[in-house]
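Below is one structure, written out as structure tokens; the observations come after it.
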Amino acid sequence: MVRWLFAHERLARSELLGLLALISRQGLDQDGEEIALIAWDTLEEGRLHEGEELIVPMLWCLGPSTARLFVDFNNCDAHGHLRLNLCGTQNDVAVQSLVLQEGLIATVYDGDLAAAIIVIGPGREGVWRARIVDGPWAELRKSNA
């Protein structure tokens, strides 16, 4: 649930630790409990930035999707969303028997960099797109803006 809220921009990165620390650990699997404990510890010790840096990648590693898609990080639409229309991307989709659909969480790569994404629907161009939710490319974009 927390990952879904974060991926759909209904939960700010700065709110992530607080929410995770408040979640009851009853009913969580081992990975979920570990994430909640890290959130609690880093929040309690005032290490917010360090906690975010630990928690966000852990959230993307959990869950059903292990999809990896080749992208060109410079192939973006006017809103900054990655286009998923390259031959390499389509090949990865076919090889992994994926169906592009809104909400699919995957890892994208270009050979040097990788990032976690959430697939969003086709834009005006009719091309499936993705929003980067975590990874070094997201940080590079912020520093270059």
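Quantities reported herein were computed from a predicted structural model and do not represent experimental measurements.
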Under the salt bridge (Lys or Arg N to Asp or Glu O under 4.0 Å) rule, collect the residues that match up with R47, sequence neighbours excluded. E45, E50

Locate the shortest heavy-atom distance separating [X] from [Y]; write the atom from each residue and the value.
X: V71; Y: D110; result: O-CB, 3.4 Å
X: F73; Y: Y109; result: CE1-C, 4.2 Å
X: L104; Y: L100; result: CD2-CD2, 4.2 Å
X: A67; Y: L98; result: CB-CD1, 3.5 Å
X: G18; Y: L43; result: CA-CD2, 3.8 Å

Contacts of E125 that satisfy side chain to side chain donor-acceptor pair (under 3.5 Å) - sequence neighbours left out: R83

Hey, is the main chain of I38 close enough, under 3.5 Å, to the side chain of T42 for a donor-acceptor pair? yes

Is it the case that the side chain of R129 and the backbone of G121 share a donor-acceptor pair, with hydrogens and angles ignored and the cut-off at 3.5 Å? yes

Give the C-alpha distance, both sets of side-chain angles, the deciding distance and a yes or no for side chain to side chain contact (heavy atoms under 4.5 Å, CB included) between Q90 and F70. CA-CA 8 Å; Q90 296 304 312; F70 176 80; over 6 Å; no

Just how far is it from atom CD1 of I120 to atom CD of Q101, taken to the nearest 0.5 Å? 14.5 Å

Can you tell me how far the CG atom of N75 sits from the NE2 atom of H81, to the nearest 0.5 Å? 13.5 Å

Check whether [X] and [Y] end up in the same hydrophobic cluster, where Ile, Leu, Val, Met, Phe, Trp and Tyr are linked by side-chain heavy atoms less than 4.5 Å apart.
X: V127; Y: L69; result: no
X: W128; Y: I117; result: yes
X: L82; Y: V93; result: yes

Begin from the C-alpha positions of V119 and L84 and carry the test side chain to side chain contact (heavy atoms under 4.5 Å, CB included) through to its verdict. CA-CA 9 Å; V119 174; L84 302 177; 4.1 Å; yes

After noting the C-alpha distance and the side-chain angles of D92 and R68, does the key distance pass the salt bridge (Lys or Arg N to Asp or Glu O under 4.0 Å) rule? CA-CA 7 Å; D92 284 348; R68 287 185 48 85; over 6 Å; no

Run the side chain to side chain contact (heavy atoms under 4.5 Å, CB included) check on I118 and I132 step by step: do they pass? CA-CA 7 Å; I118 185 166; I132 297 173; over 6 Å; no

